[in-house]
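Written out below as structure tokens is the structure these notes cover.
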Amino acid sequence: IWLGTNDVLCRISGFHTRTYRSGNNPGKDLPSDEIYALYTDSDGRIWINTPKGVCVHSPGTEEFPKFNTSIRLVKFLDLRNENKAECYGSFLALGQEKLMEIDSDSLSIRHTWDYGMGIMDLGYCEGKVIIGVKGRGVFRWRPEEGPVQILDQKDNCGKFAVCQDGRIWTMSKKECILFDPVENVTMAVAVKGILPESSIRCLEADHEGNLWAATSDGILIVKRDGSASMEQQSNSNNECLGDNSIRSLFRSSDGGMWAG
């Protein structure tokens, strides 16, 4: 398990923990102790997002060569060997509201697309690359045709979550929408009064298709039956959140949800 924190990078293997920090050896040490996000590719490499750029760790090494010092990755997709992906056989990344194609061998940026439209999220659903655009909704994306809107939500936060059955969750501070792109059917769940005036940081769908939203005031859980609840810190219950400021969510293969 790799964990990124505000002041160290940790690798946990069984009962052993190894920590990594920035140093004076460019290309070998981390560029910064503060870790924004971690991504993996199918070769086992760890892409590490920091305030001073992105570096890549390869399996079997203890070095962190820099990939790029000027970008900050928001999302990262490994589209190689993805039979369901109609796009590239390489990497696709989102950074500074731009889409980037990254060569999987040289790890260089092949192409950049800047649409000037506030792209906030990136993923794929049923073989199609989709992007979330703040204030507009969800778009299908192909390099030859650009963004094509599939869901219109004017006050959208720009984030989305894809369920295992291909449905897509997206939300604003007023409502959550569950969208079926095949049937073109939507279900809206009002969350005004449930969701505090907080920032929505990321969305994830669990194995039952329920929506989890990480916010600065806890975790909002919206179920497919339309019910919604807010999970927050409690000083009297050790099974509740230890802190209300949630920055990341991860769905594990065994059905668990991890919050950071």
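Along the sequence shown, residues are numbered consecutively beginning with 1. Everything quoted here is computed from the prediction, not taken from an experiment.
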Original post:
What residue among I130, D152, I119, V133 forms side-chain contact (heavy atoms from CB on, under 4.5 Å) with F139?
Top reply: V133

Original post:
Say you draw a straight line from SG of C163 to CG of D180; how long is it, rounded to the nearest 0.5 Å?
Top reply: 10.0 Å

**OP:** Output yes when a side-chain donor or acceptor of W113 lies under 3.5 Å from a complementary backbone atom of E101, and no otherwise.
**Re:** no

Original post:
Shared ILVMFWY cluster between Y39 and I109, side chains joined below 4.5 angstrom?
Top reply: yes

Subject >> Aromatic plane relationship, W2 with H57 - under 30° parallel, 30 to 60° tilted, over 60° perpendicular >> reply: tilted

Original post:
Going through the distances and angles, do M230 and T215 end up as a side-chain contact (heavy atoms from CB on, under 4.5 Å)?
Top reply: CA-CA 10 Å; M230 196 75 186; T215 79; 3.5 Å; yes

Original post:
Does a side-chain heavy-atom distance below 4.5 Å link V74 with M120?
Top reply: no

Subject >> Worked verdict on I48 versus V54 for side-chain contact (heavy atoms from CB on, under 4.5 Å) >> reply: CA-CA 6 Å; I48 304 162; V54 178; 5.9 Å; no

Subject >> Test side-chain contact (heavy atoms from CB on, under 4.5 Å) applied to N156 and Q153, K154, K159, the passing residue >> reply: Q153

Subject >> Shortest non-hydrogen contact from C176 toward L220 >> reply: SG-CD2, 4.4 Å

Original post:
Do L92 and W141 come within less than 4.5 Å of each other through their side chains, counting heavy atoms only?
Top reply: yes

Original post:
Is L151 reachable from V162 through a run of hydrophobic residues whose side-chain heavy atoms are each under 4.5 Å from the next?
Top reply: yes

Original post:
Are F160 and L178 linked, directly or through other ILVMFWY residues, by side chains that come within less than 4.5 angstrom of each other?
Top reply: no

**OP:** Supply the atom-to-atom distance F76 CZ to L94 CG, rounded to the nearest 0.5 angstrom.
**Re:** 12.5 Å

Original post:
Quick check: does any side chain N or O of T5 sit under 3.5 Å from a backbone N or O of V8, one acting as donor and the other as acceptor?
Top reply: yes

**OP:** Please name the pair of heavy atoms, one in A213 and one in L203, separated by the smallest distance, quoted to 0.1 Å.
**Re:** CB-CD2, 3.5 Å

**OP:** For the pair S252 and D254, evaluate side chain to side chain donor-acceptor pair (under 3.5 Å) and give the outcome as yes or no after the intermediate values.
**Re:** CA-CA 5 Å; S252 62; D254 62 0; 2.4 Å; yes

Subject >> Side-chain heavy atoms of R11 within contact of I46, under 4.5 Å >> reply: no

**OP:** Name all residues meeting the salt bridge (charged side-chain N to carboxylate O under 4.0 Å, His left out) criterion together with D165; count only those two or more places apart in sequence or in a different chain, and write none if there are none.
**Re:** R167, R224

Original post:
Any side-chain donor paired with an acceptor under 3.5 Å for S245 and R201?
Top reply: yes

**OP:** Determine the minimum heavy-atom distance between P181 and I168, stating which atoms define it.
**Re:** CG-CD1, 4.3 Å

**OP:** Check the hydrophobic clustering (I, L, V, M, F, W, Y; side-chain heavy atoms under 4.5 Å; chains of links allowed) and say if M187 and L211 are grouped together.
**Re:** yes

Subject >> F91 CZ to D103 CG distance, which is reported to the nearest 0.5 Å >> reply: 8.5 Å

**OP:** Find the distance between NZ (K52) and CG (D33) and round it off to the nearest 0.5 Å.
**Re:** 8.5 Å

**OP:** Inspect the surroundings of CZ in R247 and state if more than 12 heavy atoms from other residues, nucleotides or ligands are less than 6.0 Å away.
**Re:** no

**OP:** Over all heavy atoms of both residues, which pair between S172 and D155 is shortest? Give the atoms and the distance, please.
**Re:** CB-O, 3.1 Å

Original post:
Under 4.5 Å between any side-chain heavy atoms of D43 and D78, yes or no?
Top reply: no

Original post:
Just how far is it from atom OH of Y124 to atom CG of L77, taken to the nearest 0.5 Å?
Top reply: 6.5 Å

**OP:** With side-chain contact (heavy atoms from CB on, under 4.5 Å) as the test, would you mind laying out the steps for F179 and I150 before giving the verdict?
**Re:** CA-CA 9 Å; F179 172 61; I150 60 174; 4.2 Å; yes

Original post:
To the nearest 0.5 Å, how far apart are CD in Q232 and CD1 in I219?
Top reply: 10.5 Å

Original post:
Tell me, do P147 and M117 make a side-chain contact under 4.5 Å, heavy atoms counted?
Top reply: yes

**OP:** Could you pull out the closest heavy-atom pair between V222 and V191, with the gap in Å?
**Re:** CG2-CG1, 4.3 Å

Subject >> Lys/Arg N to Asp/Glu carboxylate O, K134 vs E97, below 4.0 Å >> reply: no

**OP:** Determine whether K223 and E208 make a side-chain contact, defined as any pair of heavy atoms from C-beta on separated by less than 4.5 Å.
**Re:** no

Original post:
Quick one: are R45 and P59 in side-chain contact, heavy atoms under 4.5 Å?
Top reply: yes

Original post:
Quick check: does any side chain N or O of R251 sit under 3.5 Å from a backbone N or O of H207, one acting as donor and the other as acceptor?
Top reply: no

Subject >> Over all atoms of both residues, closest heavy-atom pair of C10 and T19 >> reply: SG-CG2, 4.0 Å

**OP:** For T112 and L99, run side-chain contact (heavy atoms from CB on, under 4.5 Å): C-alpha distance rounded to whole Å, both residues' side-chain angles, the deciding distance at 0.1 Å, then the answer.
**Re:** CA-CA 6 Å; T112 300; L99 294 175; over 6 Å; no

Original post:
Same hydrophobic cluster for W47 and F64, using side-chain heavy-atom links shorter than 4.5 Å among ILVMFWY?
Top reply: no

